[in-house]
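No hydrogens, no waters, no symmetry mates; every other heavy atom, side chains included, goes into these values.
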Amino acid sequence: MRREKIKNILDSEPGRDVLVKGWVKTRRGSKQVSFIAMNDGSTINNIQVVVDMQAFDEEMLRQITTGASLAVEGKLVRSEGRGQPLEIQARKIEIYGPADPEKYPLQKKGHSMEFLREIAHLRFRTNTFGAVFRIRHALAYAVHKYFNDKGFYYLHTPIITGSDAEGAGEMFRVTTFDLNDPPKDGNGRVDFTKDFFGRETNLTVSGQLEGELGALSLGEIYTFGPTFRAENSNTPRHLAEFWMIEPEMAFYDNDDNMDLAEEFTKYLIKYVLDNCGDDITFLNNMIDKGLLERLNFVLANDYVRITYTEAVDVLSKSGKDWEFPVGWGRDLQAEHERYLVEQYYKRPVMVTDYPMDIKAFYMKQNDDGKTVRALDVLFPLIGEIIGGSQREEDYDKLMRRIKELGIPEKELWWFLEARKFGTAPHSGFGLGFERLMLFVTGMKNIRDVIPFPRTPRNADF
Ligand code: ATP
Ligand code: MN
């Protein structure tokens, strides 16, 4: 017999024989009959298996406990019990792997998220994490589908990078040196010309700079890969290793950029609502009662578009007692971003035209000489979910900025050449995949929307 997934079985008609393989969620019953709730990961819903205790070997039956994996063959029938439409009357049971009930850590419901993080190798088995990681898959698929359907090309930018122009002190070094005894030059300094790549290298903080080069030829590209930041931010919104989606588009100005950011995020939310209904409903009931309403609300409303200067104005007039001061020239902090989104405008907000001094060197300079064509997208409960900009395509202006900031221009020669040969207006942004996951799942901590989180002092598993 061919094994079938529980998702398909639950969608099918009774009256036939089926073979399922999966893990025991719960088992209850009497001396005569046992009811096993089985799950195989294909859906949050379990299939009920009914076992006539007299018909099976006692020793085998004893091994059917929470967490055990098994194969069940039997007849699919309508269930007379409440809570499920169908059940399987077991005829044959094979245990693959028992799970000693004395030792299996996931016995009871309602373990804390903190505890589950310590057993991240097993937390997939819980309803919550099953739902989260099915949604994570769907969201990743939707990213590729959206861009593919729009004619964007998926560009693989390097994970090991020789440029640290963007990283400024927040990068993880990549080396094959014996750290206890690295080769030294004449001045007693570590000699990186002897290292694997013949130079200093780091893990990338962004694929943008390389992405721009792709866009200035292929037209519209996106990256979707891991990025690494050695910032010591122990917050519910920062990881040291996270996944970022970075579209980069030739001939887009910042208004086109905003249109794309809004259409793209709405598409992803809608995709999950349309395709992950059971999982979202579960999370709405168990994790965050406002989830569905929030997702639908974002879909139904236009994002607000304001400039940084307008945002500072709103914040200054709020009468709030801020932890971080508000003033033109200061960066917006999470508390400010969330006030704008959750209390003032009550919907996602796109803030543009930030002061030049608090944004990256490559952003397009406005005529006022003070601001750049930056774009941050702020979401309810999350704050910044997207950071982007129109890029400075003028060689002289870009060079002037690089010199002002003392950025090592030699390392950026290839990036600068894009402005020498056939330069063109272009724009792009970076969407933090896990930040979007937080929004879409209602989970509260970014450590709980990536399978194995890396954060300061934590790289277990
Ligand atoms: P923040 O101010 O929140 O630290 P950032 O300004 O450093 O973010 P960008 O460099 O603009 O962020 O990166 C683009 C996007 O990547 C952000 O909008 C966010 O969604 C995501 N992101 C940035 N840093 C992290 C991180 N440490 N962990 C998870 N996602 C991140
Ligand atoms: Mn940051």
Side-chain angles (χ1 to χ4, degrees), residues 43-45 109-117 123 126-140 142-143 235-239 242 261-306 311 314-315 318 320 323 332-351 376-386 431-450 453:
T43 160
I44 192 148
N45 301 308
K109 289 184 180 166
H111 293 299
S112 74
M113 292 295 161
E114 288 77 12
F115 171 73
L116 292 172
R117 250 170 252 152
R123 67 179 179 169
T126 65
N127 287 329
T128 299
F129 285 95
V132 164
F133 292 120
R134 273 187 298 273
I135 291 171
R136 188 177 166 110
H137 161 79
L139 211 47
V143 166
T235 80
R237 281 185 293 277
H238 288 89
L239 291 164
F242 65 100
E262 179 164 352
E263 185 187 85
F264 178 46
T265 45
K266 283 181 169 171
Y267 176 93
L268 296 176
I269 292 166
K270 181 157 191 313
Y271 185 90
V272 166
L273 282 172
D274 289 347
N275 292 277
C276 307
D278 289 348
D279 289 323
I280 292 283
T281 302
F282 174 84
L283 293 171
N284 186 74
N285 294 337
M286 303 303 291
I287 298 290
D288 181 342
K289 297 257 188 294
L291 177 62
L292 267 169
E293 196 187 322
R294 214 159 44 241
L295 297 179
N296 283 309
F297 181 80
V298 167
L299 291 185
N301 290 282
D302 291 342
Y303 297 2
V304 174
R305 301 182 182 203
I306 55 167
V314 167
L315 294 168
S318 70
K320 289 257 165 190
E323 187 186 340
L332 303 182
Q333 302 295 326
E335 57 171 337
H336 310 134
E337 297 174 344
R338 293 188 55 179
Y339 171 81
L340 291 171
V341 173
E342 288 161 33
Q343 294 184 44
Y344 193 82
Y345 292 109
K346 295 197 163 65
R347 61 176 80 174
V349 177
M350 304 205 269
V351 186
D376 276 12
V377 181
L378 315 178
F379 258 47
L381 300 186
I382 312 293
E384 183 191 326
I385 197 163
I386 283 177
L431 167 67
F433 189 56
E434 286 77 17
R435 298 245 176 121
L436 182 68
M437 275 293 294
L438 283 176
F439 184 72
V440 167
T441 59
M443 299 294 282
K444 298 292 171 281
N445 193 309
I446 200 162
R447 292 163 178 78
D448 299 329
V449 295
I450 188 166

Trainee: Give the C-alpha distance, both sets of side-chain angles, the deciding distance and a yes or no for side chain to side chain contact (heavy atoms under 4.5 Å, CB included) between Val132 and Met443.
Mentor: CA-CA 8 Å; Val132 164; Met443 299 294 282; 3.8 Å; yes

Trainee: Testing the basics here: between Leu295 and Phe439, what is the closest heavy-atom pair and its distance to 0.1 Å?
Mentor: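 Of all heavy-atom pairs spanning Leu295 and Phe439, the closest is CD2-CE2, 3.6 Å.
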
Trainee: Check whether any side-chain heavy atom of Phe264 lies under 4.5 Å from a side-chain heavy atom of Ile386, and answer yes or no.
Mentor: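 No. Closest side-chain heavy atoms not under 4.5 Å.
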
Trainee: Examine distances only and state if a side-chain atom of Glu434 and a backbone atom of Leu239 form a donor-acceptor pair shorter than 3.5 Å.
Mentor: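 A pair under 3.5 Å: no.
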
Trainee: Quick check: closest heavy atoms across Ala131 and Phe282, and the distance to 0.1 Å?
Mentor: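 In terms of heavy atoms, the two residues are closest at CB-CD2, 4.4 Å.
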
Trainee: Just how far is it from atom CZ of Phe133 to atom CD1 of Ile450, taken to the nearest 0.5 Å?
Mentor: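 Phe133 atom CZ to Ile450 atom CD1 measures 8.0 Å (nearest 0.5 Å).
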
Trainee: Would Leu283 and Thr128 count as a side chain to side chain contact (heavy atoms under 4.5 Å, CB included) if you check the C-alpha gap in whole Å, the side-chain angles of each, and the deciding distance to 0.1 Å?
Mentor: CA-CA 7 Å; Leu283 293 171; Thr128 299; 4.2 Å; yes

Trainee: Please say which of Asp376, Leu332, Val377 ends up in a side chain to side chain contact (heavy atoms under 4.5 Å, CB included) with Glu384.
Mentor: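 The passing option is Asp376.
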
Trainee: Could you tell me whether a side-chain N or O of Asp279 sits under 3.5 Å from a main-chain N or O of Ile135, the two making a donor and an acceptor?
Mentor: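 Pair absent, no side-chain N/O of Asp279 close to backbone of Ile135.
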
Trainee: Considering only heavy atoms from C-beta outward, does the side chain of Glu323 approach that of Gln333 to under 4.5 Å?
Mentor: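 Not in contact.
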
Trainee: Using every non-hydrogen atom in the two residues, find where Pro236 and Arg447 come nearest and quote the distance to one decimal.
Mentor: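 It is CA-NH1, 4.2 Å.
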
Trainee: Does the side chain of Phe242 reach to within under 4.5 Å of the side chain of Ile446, using non-hydrogen atoms?
Mentor: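 No - every pair of side-chain heavy atoms lies 4.5 Å or more apart.
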
Trainee: Walk me through whether His238 and Arg435 qualify under side chain to side chain contact (heavy atoms under 4.5 Å, CB included).
Mentor: CA-CA 9 Å; His238 288 89; Arg435 298 245 176 121; 3.3 Å; yes

Trainee: How many angstroms lie between atom CG of Asn301 and atom CG of Asn296, to the nearest 0.5 angstrom?
Mentor: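 Result: 10.5 Å between the selected atoms.
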
Trainee: If you count the non-hydrogen atoms of other residues, nucleotides and ligands that lie under 6.0 Å from CD in Glu263, is the total more than 12?
Mentor: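 Count over threshold, so yes.
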
Trainee: If you look at every heavy atom in Thr441 and Leu291, which pair is closest and at what distance?
Mentor: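 Scanning both residues completely, I find the closest heavy atoms to be O-CD2, 3.4 Å.
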
Trainee: If every non-hydrogen atom of Val143 is compared with every non-hydrogen atom of Leu268, which pair is closest and at what distance?
Mentor: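 What the structure gives for the nearest pair is N-CD2, 3.6 Å.
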
Trainee: Without swapping roles, check the side chain of Arg347 against the backbone of Val304 for a donor-acceptor pair under 3.5 Å.
Mentor: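 Checking the backbone N and O of Val304 against the side chain of Arg347, no donor-acceptor pair under 3.5 Å is found.
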
Trainee: Could you report the tightest heavy-atom contact between Lys266 and Asp302, atom names first, then the distance?
Mentor: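 What the structure gives for the nearest pair is NZ-CA, 4.0 Å.
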
Trainee: Taking the side chain as every heavy atom from C-beta outward, state whether Asn445 and Glu114 have any atom pair closer than 4.5 Å.
Mentor: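 No, too far: nothing below the 4.5 Å cut-off.
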
Trainee: Considering only NZ, NE, NH1 and NH2 on the basic side and carboxylate oxygens on the acidic side, decide whether Asp448 and Lys444 come within less than 4.0 Å.
Mentor: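 Salt bridge absent between Asp448 and Lys444.
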
Trainee: Working to the nearest 0.5 angstrom, can you tell me the gap between Leu381 CG and Arg237 CZ?
Mentor: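 One gets 9.5 Å once the value is rounded to the nearest 0.5 Å.
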
Trainee: So does Arg134 pair up with Asp278, basic N to acidic O under 4.0 Å?
Mentor: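 A salt bridge is absent here (no side-chain N lies under 4.0 Å from a carboxylate O).
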
Trainee: Once you round to the nearest 0.5 Å, how far does CZ of Phe379 lie from OG1 of Thr265?
Mentor: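 Going from the CZ atom of Phe379 to the OG1 atom of Thr265 covers 4.5 Å.
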
Trainee: Does the side chain of Leu340 reach to within under 4.5 Å of the side chain of Leu378, using non-hydrogen atoms?
Mentor: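 Answer yes - side chains close enough.
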
Trainee: Would you say the side chain of Leu292 lies within less than 4.5 Å of the side chain of Leu273, judging by non-hydrogen atoms?
Mentor: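 Heavy-atom side-chain distance check passes, below 4.5 Å.
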
Trainee: For Tyr344 and Tyr339, take the angle between the two ring planes, folded into 0 to 90°, and tell me which bin it lands in: parallel under 30, tilted 30 to 60, perpendicular over 60.
Mentor: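 Rings of Tyr344 and Tyr339: tilted, 30 to 60°.
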
Trainee: Is there a side-chain contact between Ile306 and Tyr345 (heavy atoms, below 4.5 Å)?
Mentor: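 Answer yes - side chains close enough.
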
Trainee: Are Lys320 and Glu335 close enough for a salt bridge, meaning some N to O gap below 4.0 Å?
Mentor: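 No, Lys320 and Glu335 are not salt-bridged.
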
Trainee: Is a donor on one side and an acceptor on the other found under 3.5 Å between the side chain of Arg123 and the backbone of Arg117?
Mentor: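 Absent.
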
Trainee: Is any side-chain heavy atom of Phe129 closer than 4.5 Å to a side-chain heavy atom of Met113?
Mentor: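 Yes, side chains in contact.
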
